[in-house]
2 protein chains.
Amino acid sequence: MSRPPKARNKALLAYCELLRRDGERATTIDAVAARAELSKGGVLYHFPSKEALAEAALEEFRLSCEQDLASMAEAAEGPARHYVRTSWTSGSDLDTYYIAMLRLAQSSWQPAVEALEWVHQAWLELIQEEVGDRYAAEAIMLIGEGLYHHSSMPGEWSRGTFARSVEHLLELVDHLKRS
Amino acid sequence: MSRPPKARNKALLAYCELLRRDGERATTIDAVAARAELSKGGVLYHFPSKEALAEAALEEFRLSCEQDLASMAEAAEGPARHYVRTSWTSGSDLDTYYIAMLRLAQSSWQPAVEALEWVHQAWLELIQEEVGDRYAAEAIMLIGEGLYHHSSMPGEWSRGTFARSVEHLLELVDHLKRS
DNA sequence: GTCTATATGGGGATAGAC
DNA sequence: GTCTATCCCCATATAGAC
């Protein structure tokens, strides 16, 4: 339970933010070091290889997922609304790590692919338990996924277009729950 | 109207397929050459730089989009259904180039970001003209986007989960059109 | 724990043979 | 039009000073 040193967390966060903003190619150890205000050697002290950074992000992702699944299951508004509402980036830890996992999965990094499949499955099951209908649950999840992907896209269009949509999409979720 | 040589097309296709399957990092000129069964020099004859490959993909993307927008506007089933139905990968040219643009945009390649914003806007407008309600149109588009992103994800879960969902999602589209 | 070298490999791109 | 050979840079990783 030793709390990890600050520099380590800064480097890991910088790694995830760079993956999101600039992609895998630009996410070099140099870039991570610069963003975390460390030297390359400093980063490599905490993460002996680049894959170690990915593995650490994966671990944090798993932890965030477990917390998220718990609050989703407990949410007063219900799992479906909770899921869609938090799909529009709030800057939470889960967002950060989720987008990082998406980028890693898109490079066919198998551990990320598997972790995403696991959490997608879990989300879908929670939503389906609430709304009953399988395909309504899938529709709700796809809407959330769409929001997630747009929220991670560079450029202003996505932000401007969907910023005021979440409330309306939540009404649609309520509607799908009833029918 | 000179038809471009076969080798050029093979290289461009290989580039897009690699972007989709392995990501930007792994999409090296070497890898493109190997997949297209050419030498590195052969690829670099047709595309003098790596950016030239991206630009060629962008150009093909624009052409595919114009065709797609035209058939969407004319579709007997209406734009919304057409959009969702074709979001679940059919292996069309548009799919190939769209996913390539997604990957390039995710690396913050500005021309790809702008091209995607343009076509998203155009899709959304066509759908909104049909369904009337702004937020119903957004929901339909997000469902399509969600399908697109899942269809481009490595691993079997997405394919297995949504393969039989499209018909049901289309019913939901009809429902949204009416309400 | 963090830094500055430095070795090594690979990717992008050029030159020139065929 | 396509190939091979080569150069150069940059990213990863190591060694060792502080």
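Chain A is the first sequence line, chain B the second, and so forth, proteins listed ahead of strands; every chain is numbered from 1. Just so it is clear, the values below take in all heavy atoms, side chains as well, and ignore hydrogens, waters and symmetry mates.
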Check the pair B:E17 / B:R21 against salt bridge (Lys or Arg N to Asp or Glu O under 4.0 Å), numbers first and verdict last.
CA-CA 6 Å; B:E17 289 169 347; B:R21 202 193 57 184; over 6 Å; no

Which is more 5' along DNA chain D, the nucleotide nearest B:R25 or the one nearest B:A7? Just name the residue.
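Its nucleotide being nearer the 5' end, the pick is B:A7.
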
Taking the side chain of [X] as heavy atoms from C-beta outward, which of [options] is closest to it?
X: A:L44; options: C:dT2, D:dA11, D:dT14; answer: D:dT14
X: B:T28; options: D:dA11, C:dG12, D:dG1; answer: C:dG12
X: A:S39; options: C:dT2, C:dT14, C:dC3; answer: C:dC3
X: B:L38; options: D:dC3, C:dG1, D:dA13; answer: D:dC3

What is the distance, to the nearest angstrom, from the [atom1] atom on [X] to the [atom2] atom on [N]?
X: B:K10; N: D:dG1; atom1: NZ; atom2: C1'; value: 13 Å
X: B:E51; N: C:dG11; atom1: CD; atom2: P; value: 19 Å
X: B:E37; N: D:dC3; atom1: CD; atom2: P; value: 11 Å
X: B:I29; N: C:dA13; atom1: CD1; atom2: P; value: 5 Å
X: B:Y15; N: C:dG12; atom1: OH; atom2: C1'; value: 13 Å
X: A:K40; N: D:dC10; atom1: NZ; atom2: C1'; value: 8 Å
X: B:K50; N: D:dC9; atom1: NZ; atom2: P; value: 19 Å
X: B:R8; N: D:dT2; atom1: CZ; atom2: P; value: 12 Å

Give, for atom CG of B:D68 and atom CZ of B:F61, the distance between the pair rounded to the nearest 0.5 Å.
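Answer for the CG-CZ pair, B:D68 versus B:F61, is 9.0 Å.
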
Can a side-chain donor-acceptor contact be found between A:Y148 and A:D95 if the only test is distance below 3.5 angstrom?
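A:D95 vs A:Y148: donor-acceptor pair found between side chains.
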
Are B:Y83 and B:E145 close enough that a side-chain donor and a side-chain acceptor fall under 3.5 Å?
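A donor-acceptor contact under 3.5 Å links the two side chains.
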
Decide if atom CD of A:E37 counts as having more than 12 heavy atoms of other residues, nucleotides or ligands within a radius under 6.0 Å.
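No, because the 6.0 Å sphere around CD of A:E37 holds 12 heavy atoms or fewer from other groups.
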
Look at the side-chain N and O atoms of B:Y45 and state whether any lies under 4.0 Å from the OP1 or OP2 oxygen of D:dG1.
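Yes.
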
